[in-house]
Amino acid sequence: MSSEVERRFRVDLLEWGKENRREYPWRESNRTLYEVFVAKFFLTQTPADNVAAVYPRFLERFPTLDAIAKASEDELVEAIVPLGFQNMRAGALKQIASKHDHLPTEPESLMELPRVGRYVANATLCFARGDQLPVLDRNVERVYSRVFRDTWPEAESDQLAFTKRLVPSEARSYNLALLDLGALVC
DNA sequence: AAACCGGGGCT
DNA sequence: AGCCCAGGTTT
């Protein structure tokens, strides 16, 4: 059961998203789970343009988790040094690749990987697979808190429950629009 | 829930 | 140089 206000928000947001979508390499269709994950993993605390500058080269050199597992950590660091956090991120990717040949497709399982939290897990699965999951970063939170100023909850777990009901079957378009709107407005 | 972390960006 | 920031981690 969803209120008229919520239905209206969904419709308007999807409409807005159609006309204002930003294009990035990781948003192209047919990106694999791994490719989307790599982007989301890099995009935390790093401007999208910086990620876009190294992303194609990184995927060429490391097209799979297996390629990461077989590479030296130094080479991995070298590939991502322009992004910053290179040691932290290379270490985490090495750990992930050493234990998994495929990424899990449950958000809870993804979140067990080092340096993967709720945001990266849900965003990866939504954008790579269309999973109907809420995507919530600081900007998106600001959007929601303004639109639903009277009912938007404080606690993160409540926010996830609140948002989960809002995400429509066109989850990809919806969450992309939310990120774009959040980035623009905030 | 709150403090902490590590480093990029802005002033 | 100092502050803020945003997501993840730790307590």
Side-chain angles (χ1 to χ4, degrees), chain A residues 13 22 24-27 31 33-58 62 65 68 73-100 103-129 131 133-149 151-164 166-167 171-172 174-186:
Chain A
L13 179 65
R22 298 172 296 174
Y24 290 112
W26 48 90
R27 291 188 176 192
R31 283 295 184 194
L33 182 61
Y34 167 77
E35 289 168 341
V36 174
F37 172 79
V38 164
K40 284 294 147 187
F41 190 78
F42 290 161
L43 281 166
T44 59
Q45 295 158 306
T46 305
D49 289 346
N50 294 8
V51 177
V54 313
Y55 186 69
R57 198 193 324 266
F58 183 90
F62 305 102
L65 280 180
I68 293 178
E73 189 157 330
D74 284 350
E75 193 182 358
L76 201 51
V77 168
E78 191 187 352
I80 63 181
V81 72
L83 302 178
F85 298 88
Q86 60 277 159
N87 294 313
M88 206 173 68
R89 294 206 255 220
L93 285 176
K94 264 304 219 183
Q95 268 184 258
I96 292 168
S98 71
K99 295 193 184 93
H100 298 82
L103 293 169
T105 55
E106 286 298 320
E108 266 55 8
S109 309
L110 266 182
M111 286 174 67
E112 289 171 11
L113 308 180
R115 315 260 4 137
V116 178
R118 173 64 66 188
Y119 171 78
V120 168
N122 282 15
T124 297
L125 292 173
C126 175
F127 297 138
R129 292 157 41 89
D131 291 2
L133 295 166
V135 170
L136 212 46
D137 69 3
R138 291 288 208 270
N139 287 343
V140 169
E141 190 185 332
R142 277 190 270 262
V143 171
Y144 276 131
S145 70
R146 288 176 198 183
V147 173
F148 302 103
R149 65 181 73 75
T151 47
W152 183 245
E154 291 291 320
E156 186 200 333
S157 58
D158 295 335
Q159 291 175 356
L160 284 168
F162 186 104
T163 310
K164 195 174 179 182
L166 287 174
V167 180
R172 232 184 299 242
Y174 175 88
N175 280 322
L176 282 177
L178 218 35
L179 289 185
D180 288 342
L181 182 60
L184 185 81
V185 164
C186 313

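Computed from a predicted structure; not experimentally measured. Letters go in sequence order (proteins before strands), and every chain restarts at 1.
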Item to complete: For A:N122 and A:L133, indicate whether the former's side chain and the latter's backbone hold a donor-acceptor pair under 3.5 Å.
Response: no
Worksheet entry | A:R118 bridged to A:E108 by N-O distance under 4.0 Å | yes
Response to the item:
In whole angstroms, the gap separating P of B:dG7 from CE of A:M88 amounts to 7 Å
Worksheet item: Atom CD1 of A:I80 to atom P of B:dG7: distance rounded to whole Å?
Response: 12 Å
Worksheet item: Would A:F162 and A:F148 count as a ring pair (Phe, Tyr, Trp, His ring centres under 6.0 Å) if you check the C-alpha gap in whole Å, the side-chain angles of each, and the deciding distance to 0.1 Å?
Response: CA-CA 10 Å; A:F162 186 104; A:F148 302 103; 5.3 Å; yes
Practice prompt. Name the residue closer to the 5' end of DNA chain C, choosing between A:P114 and A:N139 according to the nucleotide with the nearest heavy atom.
Written response: A:N139
Practice prompt. Take the protein atom CD of A:E112 and the nucleotide atom P of C:dT9, then report the distance between them rounded to whole Å.
Written response: 12 Å
Worksheet item: Rounding to a whole Å, what distance do you find between A:Q45:CD and B:dC5:C1'?
Response: 9 Å
Worksheet item: Above 12 or not: heavy atoms from other molecules or residues under 6.0 Å from CD of A:E106?
Response: no
Worksheet item: Expressed in angstrom and rounded to an integer, what is the separation of A:F41 atom CZ from C:dT9 atom P?
Response: 9 Å
Discussion item. Measuring from the side chain of A:A155 (C-beta onward, heavy atoms only), which nucleotide among C:dG7, B:dG9, B:dA1 has the closest atom?
Written reply: B:dA1
Discussion item. If I take atom CG in residue A:N87 and atom C1' in nucleotide B:dG8, what distance separates them, rounded to the nearest angstrom?
Written reply: 15 Å
Item to complete: Please work out if A:R142 contacts a base, only the sugar-phosphate, or nothing of the nucleic acid, heavy-atom cut-off 4.0 Å.
Response: sugar-phosphate
Fill in: For atom CZ of A:F85 and atom C1' of B:dC4, their distance in whole Å
14 Å
Item to complete: Rounded to the nearest angstrom, tell me the gap between atom CG in A:D137 and atom P in C:dG7.
Response: 4 Å
Discussion item. Closest approach to the side chain of A:V120, judged atom by atom: which nucleotide of C:dG8, B:dG9, C:dA6 is it?
Written reply: C:dG8
